[in-house]
Every structure is written in C-alpha cells, then in structure tokens.
There are 2 protein chains.
Amino acid sequence: MQDMRIGELAARAHVSTRALRYYEEQGILHSERTPSGQRVYGEAAVERVRLIQHLFSAGLASRTIALILPCVDTGHAPPEMLSSLHTERDRITSVIADLEQARQRLDQVIELTEHPDPEHCAIVRDAAGRTTAIAGAAA
Amino acid sequence: MQDMRIGELAARAHVSTRALRYYEEQGILHSERTPSGQRVYGEAAVERVRLIQHLFSAGLASRTIALILPCVDTGHAPPEMLSSLHTERDRITSVIADLEQARQRLDQVIELTEHPDPEHCAIVRDAAGRTTAIAGAAA
DNA sequence: TGGCGACTTGCCCTTGACGTCAACGTGAGG
DNA sequence: CCTCACGTTGACGTCAAGGGCAAGTCGCCA
C-alpha cells in the first residue's frame, strides 16, 4: 500500500487540499505525518474522503459525521451513544422521505412536460403563459 | 378563505417571521399586501412553507427551489428547463442513495450494539468489514 | 386619544464549509 | 547549491440561511 501526500489524495478524491485540511481540523479525517510534518495518507483514504463527501452532500454536519464515523469504523458504538445514533438515523429517514416526495413532484412535472396528456392540453397550454411569465419575472 | 398575517403563518408553519421574509426576498414565497404594506397570506401558504422547509432540509438551495416551485405549481415546465429538472432529479436520486447507504451503516452499528449476538456478530462484522473496506478500512 | 403588540424595512452578526492569500518549510532534479 | 513544485500554519474572505436589533408604522381596544 503506497502512501500519498495531500495533493494526490485531493486529486484522486476530487476535493481541494483545503477541504482535506478542514476535515482533519474537524476530526473526521486523520493523517500520519512525516518527521517534517507533511501529511501522509494510505490508499484507503480515497474512499474515506468520498464517503465524507457523500455524507456532507447529504446534508450531515461535520459534527454528526465526526460522531458516527468512528462507530462505522469499529462496527460498534458505546451504549451511551445509542440514542444519538437513533436520532440521527430517524433524521436521515425523514430527510429521505422529504427527498422522495420532492423527487416525485419533479417527476410529475417532467412527465407532463415530456408527454403532455391530450386531455390536459388545454390546461397545460393555459398554464404555460403564466409559468413563463413567472419564470421571466423571477429571472 | 380567511387570510393571515406573517406572525400567524410563522406560528402555524413553525418557522420564524424572519425566515418568511427571507423566502419572499428569495422569490420562493409570495404575499399579498394590505394598502399599508403588511403581508397577507391565504391558507395555502402554510403547506407551501412546509414544502419549502422540506426542500431546504433536504439540502436544496433557495435558487433551486425558486427554479422548480413554479413548475410544481403549474404541473409542467417550459421545455428549455427540462434538462435542469433532470439534473436536479438525478442529484436528488444520488443523495437519496448516499443517505440510504449511510443509514444502513448506522443500522449495522445500532444493531450490533443493541444485540451483540456472537453469531450475528460474525456476519455483521464481515459485512461491516466489506463496507468499510469500500469506505477505507481504518487500522 | 393613548397605548401596545404586531408589523415594516434596513442593517449588521453568526455559523458552516470551505476559498484565498501570506509567509515560510521540504525535497527531488539539474 | 539553486530551483521550483508541493507542503505547512494562520488569518481573513465568501456565501447561504437566517438571527437580532433599531426605528418607525399599523391596527385594534379601552
């Protein structure tokens, strides 16, 4: 397992070096150091950074990530952390529900626009003027 | 349909009045005004604000929301907006996938901590090993 | 009419996740 | 030895999503 320094990791995980230092600052990414202080990472760090990115993009805060990552690593949690884990799990579940609802609405719009149902043509055409008016005003 | 002012809407939708004014500023929530300038909302605004909140909590930016809300309202989109809608939809889909993966990891941890059954332990351990290998096996 | 709470706009403050710039150390090649 | 890309920490900038305060206005009730 050949090690890499921060620049290579950043390139391979498609994040900035700044982000990597920030993750370390937040305690969610660890590094070895050369005697001179340069950060050194193993292969595994690439996937780890991607995981971190996914969690961020899913709306989790760095503190939350810092909380759950060690548990995911070890595969278990100290019992006193269970309630936080349940809370986080429930939050994730409700966010998923929100997202699915939002996606469903989007799908409806897309479907109707791509395959305008003849029955609703009149309605759609009527609404078209208003929408572009709104879109134009908003833009 | 009796109307309400900003304070009541805020209370009923469980957001701050500041947030409501911010939504209006961002063009994602509209209001009528009294001759003196006070904001007036109809019943429907309550559900609209909740929808907005859901979209926010799902990680969508106000600009994105401003983009898709009119389409959701009218049930269709101007064709030139279709690609943006597809992009947003795909983003949402991948975020959902990330979240489900994260939740699954959490579930493993919770399960293992709540029921440290030796037999399951091995199985879950193995599964956890593989997933964290994907994520980057620490240690 | 006076009072009082809810409302208005305007402005700066805060937090999180970085970007960016400064000033300096590191290390492999010519 | 010099260079030059890459690394380091520290400090400040930015952008979104509001929070909070100020100073003035509205509307309703005694």
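Below, chain A is the first sequence line, B the second, and so on; all start at residue 1. Below, each value reflects all heavy atoms present in this structure, side chains not excepted, and no hydrogens, waters or symmetry copies.
In this entry the distance linking CD of Q53(B) with P of dA17(D) reads 12 Å, nearest Å. Regarding I28(A), its CD1 atom lies at a distance of 13 Å from the P atom of dG16(C), rounded to whole Å. Y22(B) places its OH atom 16 Å from the P atom of dG20(D), with the value rounded to the nearest Å. What separates CD of E25(B) from C1' of dC12(C) is a distance of 14 Å, to the nearest Å. Atom P of nucleotide dG18(D) and atom CG of L60(B) are separated by 13 Å, given to the nearest angstrom. Rounded to an integer number of Å, the gap from CD1 of I52(A) to P of dG16(C) is 17 Å.
The 12-atom threshold is not exceeded at CD of Q104(A), counting heavy atoms of other residues, nucleotides or ligands nearer than 6.0 Å.
DNA chain C is contacted by both P35(A) and Q26(A); Q26(A) maps to the nucleotide lying nearer its 5′ end (nearest heavy atom per residue).
Classification of R21(A) and E25(A) as a salt-bridged pair fails, no side-chain N sitting under 4.0 Å from a carboxylate O. Electrostatic pairing of D73(B) and R105(A) does not count as a salt bridge here, judged by no charged N lying under 4.0 Å from a carboxylate O. The pair E24(A)-R33(A) meets the salt-bridge criterion, since a charged nitrogen lies less than 4.0 angstrom from a carboxylate oxygen. Using a 4.0 Å cut-off between charged nitrogen and carboxylate oxygen, R103(B) and E88(A) do not count as a salt-bridge pair.
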B/S/- along nucleotides 3-11 of chain D (protein heavy atoms under 4.0 Å) is ----SBB--

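Annotation: side chain of L69(B) is in contact with side chain of L51(B) (closest heavy-atom distance under 4.5 Å).
OP1 or OP2 of dG19(C) has at least one side-chain nitrogen or oxygen of S16(A) nearer than 4.0 Å.
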